Amino acid sequence: MQLSEQEVGRRNAKQQLEQLGINPYPSELYSVTHYAKGIKEEFDENKPEEFKEVTLAGRMMSRRIMGSASFAELQDSSGRIQFYVRRDDICPNEDKTLYNTVFKKLLDIGDIIGIKGFVFKTQVGETSVHVTELKVLTKSLKPLPIVKETIDKEGNKQLHDAFTDPEMRYRQRYVDMIVNPEVRETFKQRTKVVNTMRNFLAEKDYLEVETPILQPLYGGAAARPFKTHHNTLDMTLYLRIANELYLKRLIVGGYDGVFEFSKDFRNEGMSRFHNPEFTQVELYVAYKDYNWMMNLVEEMIERVAMELHGTTKVQVGDNVIDFKRPWKRYTMFEAIEHFTGIDISKMEEAELRATATKLNVPIDESMGKGKLIDEIFGENCEAQLIQPTFITDYPVEMSPLAKKHRDKDGLVERFEAIANGKEICNAFSELNDPIDQRARFEEQLELGKRGDDEAMVLDEDFLRAIEYGMPPTAGLGIGIDRLSMIMTNSNSIQDVLFFPQMKPEKKQTVVLTEDENLVFELLEKNSKMELNKLKEAAGLSNKKWDKAIKGLTANKLAKVTKTDEALEVEIG
RNA sequence: GAUUCGGUAGCUCAGCUGGUAGAGCAUCUCCCUUUUAAGGAGAGGGUCCUGGGUUCGAGCCCCAGCCGAAUCACCA
């Protein structure tokens, strides 16, 4: 509640605007005709008549006052443009208040204003708007961090005093977006990733659906869930960790293709690749298999890269990743042999354990054969796969929802696509043999007993559904956040989530009583008042007044000082 | 969870061996009609993350904690 000097100044400016009869928060619409970017791109000095009346709205982001004329910058959703305000243009009559007082004194950086005028080029050649009308649209009460930029000798943009503190950027994303325009760009691209995929899938006539987020049983992935409770039904519900089992029920129900962009929730560690809630798209298509699905993934992701970058090549950190089809394909055993020189395809659990130890792969007792193979792969191969690569044919133990391989014993028809050393999708020919599926669930229960707290639980209703018969189906899940990280060259998942999960902000919020609030608000308007006048204005009884003012001084929100004539109260 | 680094003005940061807290930008006052990190003159602004300790004296040293980042671990 402690206001900084600048915040007090802005509150005062707001009041003064009101006293001048200017509503700092007007309600009527403001008709914008142009955007900064469009004007800068299209204005031709030889044809100024094309832009002789433009109206823009946005935030004032800088101001250079030169006596009775000023330059300032307006930032709208498209970018920034400079505008020029001359006193005698916006105040053609005797009354120069709008320029001298409103523009120069009462407006601040960050205020939202509307400007009307004509476009011209300055002597230095910068396209600018010569303002003839100016309107206050919203007074901003908190000062923004000021980022300035210059162009160096090589023509590169240099930022000065950039707003970079990650904590503040994530906690106050709105400020981040105002001050760092590339952040808005990243999120636009994220949306483009999603829209491209959505259009791609819709064009194929697959049906976009919505399935429950609150689930009585969590399933479809190996992860710890968030748990909640429904009061009326008095039952435990889980936030979904995946939507796989529901989408497959819809395939049983008769759709040929269904997909869902879904927020999923996993109660696990956080890192630059993990946020407790994240987005996946899952797709299930009847009468297809995982080979078919690999082709679809290549085509779809290649299209995403093209839509965003106009090329299949994407710069990610130091690497250039080329999503052009076809991608490299390795079986998991081939990949391990390729990177370690060891053929583990025929090994049993004990031998795998020994191999893992030899390769310095950390293992523990709860790991079965499948998990061991996965660990060996994860440690030795995954990070080295920079260019998009399909890894196929996983051990059956770690894929309880995937169909057994048509001719390789002990494996399932599953693939992951890996790019930049990270998994970006996971897919399989879906297991549709209900007897086998029940047996796999039961193996999971065993693993759970062995100490694997991410083992899957048995879902009787799902089994009942596929007992009615689920056609041969190919299924896919793509992590939207990780794909967006690659496509936008972001180093952290927090950079592709508007509001990444953070620890709660530590804040000593002082809770005021009703009376205290009343007195404080009165005081806030004047910042300093004679005690008796304040008391009178508050209209409280002696006792209530005494309690309120003591409460405020105790919280250091008000300070009472004694002068020769009287007692004075000021904001603490 | 481990290790390392960090937290100082609204923002970005400096602060020597422990000796009265600094700069640029922002803010305020004044000058300035094509400037652009505008310029010139002046002013104000601090819980040095919090709590203990050492010391005549702590932004600095010690201990504990909070918050953040990077790397690793965990996490298909």
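Only heavy atoms go into these numbers, but all of them, side chains included; no hydrogens, no water, no symmetry mates. So you know, we letter chains A, B, ... as the sequences are listed, proteins then strands, and number each from 1. Note that the structure is predicted; figures quoted are calculated from it, not measured.
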| remark: By nearest-nucleotide position on RNA chain B, the 5'-leaning member of A:S492 and A:F163 is A:F163

| Using the P atom in both, what is the distance from B:C25 to B:C62, to the nearest Å? | 36 Å

| query | Who pairs with A:F339 by ring pair (Phe, Tyr, Trp, His ring centres under 6.0 Å), at least two apart in sequence or on another chain? | reply | none

| task | Searching all strands shown, indicate the nucleotide that pairs with B:C60 (Watson-Crick or G-U wobble; both distances under 3.5 Å). | result | none

| said: One character per nucleotide, please: for nucleotides 26-38 of chain B, 5' to 3', B when the base has a protein heavy atom closer than 4.0 Å, S when only the sugar-phosphate does, - otherwise. | reply: BSS-S-BBBBBBB

| field | Rounded P spacing from B:U47 to B:G22 in Å | value | 16 Å

| Charged N to carboxylate O below 4.0 Å: is that the case for A:R173 and A:D176? | yes

| Sugar-phosphate only, base, or nothing, as touched by A:A162 at under 4.0 Å among non-hydrogen atoms | sugar-phosphate

| message | Roughly how many Å apart are B:G15 and B:U8, using the C1' atom of each and rounding to a whole number? | response | 9 Å

| request: Kindly determine whether A:E446 and A:K449 satisfy salt bridge (Lys or Arg N to Asp or Glu O under 4.0 Å), including the steps that lead there. | output: CA-CA 5 Å; A:E446 271 312 303; A:K449 282 183 199 152; 3.6 Å; yes

| message | Checking A:S262 now: which residues fulfil side chain to side chain donor-acceptor pair (under 3.5 Å) with it, not counting sequence neighbours? | response | A:N243, A:D264

| field | Side chain to side chain, A:E382 and A:E423, heavy atoms closer than 4.5 Å | value | yes

| Check against salt bridge (Lys or Arg N to Asp or Glu O under 4.0 Å), A:K328 and A:E334 | CA-CA 12 Å; A:K328 215 186 293 173; A:E334 282 167 3; over 6 Å; no

| field | Nucleotide B:A76, atom C1' - distance to CZ of A:F278 in whole Å | value | 11 Å

| task | For nucleotides B:C30 and B:C11, find the distance between their P atoms and express it as a whole number of Å. | result | 27 Å

| field | Base-pairing assignment for B:G18 (Watson-Crick or G-U wobble, both under 3.5 Å) | value | none

| field | Gap in Å between the two C1' atoms, one belonging to B:U55 and one to B:C72, rounded | value | 40 Å

| Between B:A76 atom C1' and A:L476 atom CG, what is the distance in whole Å? | 15 Å

| field | Watson-Crick or G-U wobble mate for B:C25, both contacts under 3.5 Å | value | B:G10

| field | Pairwise P distance, B:C60 and B:G19 [rounded to whole Å] | value | 11 Å

| task | Sticking with atom C1', work out how far B:G6 lies from B:C13, rounded to a whole angstrom. | result | 13 Å

| query | Taking a pair as Watson-Crick or G-U wobble with both distances under 3.5 Å, which nucleotide is matched to B:A69? | reply | B:U4

| request: Write down the distance between CG (A:N491) and C1' (B:U71), rounded to a whole number of angstrom. | output: 12 Å

| Just checking, is any N or O donor in the side chain of A:Y170 or A:D495 under 3.5 Å from an acceptor N or O on the other one? | yes

| field | Who pairs with B:U33 - Watson-Crick or G-U, where each distance is under 3.5 Å | value | none

| request: Ignoring backbone atoms, establish whether A:R169 has a side-chain N or O less than 4.0 Å from OP1 or OP2 of B:G68. | output: no

| Side-chain heavy atoms of A:Q82 within contact of A:T122, under 4.5 Å | yes

| CD of A:E268 versus P of B:A73: gap in Å, rounded? | 16 Å

| message | I need the CE-C1' distance between A:M61 and B:C25, as an integer number of Å. | response | 14 Å

| query | Between A:I493 (CD1) and B:A69 (C1'), how many Å, whole number? | reply | 17 Å

| request: Report which part of the nucleic acid A:R266 touches: base, sugar-phosphate, or nothing (heavy-atom distance under 4.0 Å, all strands). | output: nothing

| A:R11 CZ to B:G10 P, straight-line distance once rounded to whole Å | 15 Å

| A:P145 side-chain proximity, nearest of B:A73, B:C67, B:C11 | B:C11

| task | Whole angstrom is fine here: how far is it from CZ in A:R272 over to P in B:G68? | result | 18 Å

| task | Remember a base hit wins even if backbone is also touched, and classify A:E379 as base, sugar-phosphate or nothing at under 4.0 Å, heavy atoms. | result | nothing

| Parallel, tilted or perpendicular, as decided by the 30° and 60° cut-offs, for the rings of A:Y99 and A:F103 | parallel

| message | Would you measure the distance from the P atom in B:G59 across to the matching atom in B:A21 and give it in whole Å? | response | 8 Å

| task | Select base, sugar-phosphate, or nothing to describe what A:M398 touches, counting heavy atoms under 4.0 Å on all strands. | result | base

| request: Give none if B:G45 has no partner; otherwise give the nucleotide forming a Watson-Crick or G-U wobble pair with it, both distances under 3.5 Å. | output: none

